[in-house]
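See below for the structure under consideration.
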Amino acid sequence: MALDTVQDFVDRARVLLQDTIEPYRYSNDELVGALNSGLLESRRLRPDFFLTKSIPSYSTGDLSEEVTIDDQYKVAFTYYMVGHAHLRDEEDTTDQRATIYLNKFLAQLQVVQS
Amino acid sequence: MSDVLDRIMRGARMRLPGALDDAIKEELFLVLDEFLQRSTIWQEDITFKVTSADTEYVVVPSAGTIIRLLQVTNSDEVPVRATMQEPFTIVLKEEPNEDTFTAKVALTVVDPTTRDGNPEVPEWMLVKYHGIILDGVIGRMMTQPAKPYTTERHAVYHTRRFRNGIASATAEAKRKNVHGGQAWAFPQSFAVRRK
């Protein structure tokens, strides 16, 4: 599965969240919002992502819109989306999963061995 | 020129895992600027007409921007005393006779870059010094904090190679790329002419 459009990112996150069957546990709005939060976070960690462009912001209004992130970091943002979604839940296991995924996002932006 | 720049970009990508092309191009511009400012290898002869009515003249290079005035000579190739307090403006020490002078200036890169974000530099310079330029780019990139390619030890290594390369290029420029050539020539203004 390619990671080109907002829909692709949402679909990939749903696979990791085991939320692929409707009615969804996590709405498209939540997941796209998580993607936007990840972009803001990445601006702080990796300002070189946005040297020649402003921080993009996506909505559920057009899920076919292309996500303009460098290919080598697209997977990292799916991890952020999954971790961000888990933060909504209150169970201990989901807290751990949220931490794991968010840390994986941070690591992939800053470290090679991640 | 794009072939050489592509080779520099490929070399940088190989040694800088996780580096973005935009970031590499940013550092490439700064590396080229440092290389040219220190080595003075990019030079241009600019001719300009002078009259006795004026001692200040504006010269504009065909590419890049002027960083240093190296020499001004008259039509007989005799050096003329001049300064360049502000870039592009040559101020002659003495009022000249009507003539055509030649200003030899040193240049460096300047914005805007080309449409694909590459700075404009002579292709021969990139062909000859692409290895040194690559070392400079890698060294600078590796000093960036909190990046997958941040490596202090390798940054020192590549930066040292870059600085050594600048020194070599400077020496070659002084000798006009002549193997074993000397940098100094007898000043023509001392020449004795028969009357």
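Quick caveat: nothing in here was measured; it's all calculated off a predicted structure. Residue numbers start from 1 in every chain, and the chains themselves are labelled A, B, ... in the order their sequence lines are given, proteins ahead of strands.
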Applying side chain to side chain donor-acceptor pair (under 3.5 Å), run through B/D45 and B/T102 and close with a yes or a no.
CA-CA 6 Å; B/D45 289 331; B/T102 300; over 6 Å; no
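The most heavy-atom pairs under 4.5 Å with chain A, out of B/L20, B/D22, B/T150, come from B/L20. Heavy-atom pairs under 4.5 Å with chain A were tallied for B/A146, B/G18, B/A23; the largest tally goes to B/G18.
When heavy atoms are compared at a cutoff of 4.5 Å, B/E26 approaches chain A solely by way of its side chain, counted from C-beta outward. Looking at A/Q110, both its backbone and its side chain come within 4.5 Å of chain B, counting heavy atoms on both sides.
In this model, no donor atom of one side chain and acceptor atom of the other lie less than 3.5 Å apart for A/Y26 and A/R88.
Summarising the geometry, atom CG belonging to A/L109 is positioned 10.0 Å from atom CZ belonging to A/R44; distances are rounded to the nearest 0.5 Å.
Relative ring orientation between A/F49 and A/F77 is described as tilted, the plane-to-plane angle lying within the 30° to 60° band.
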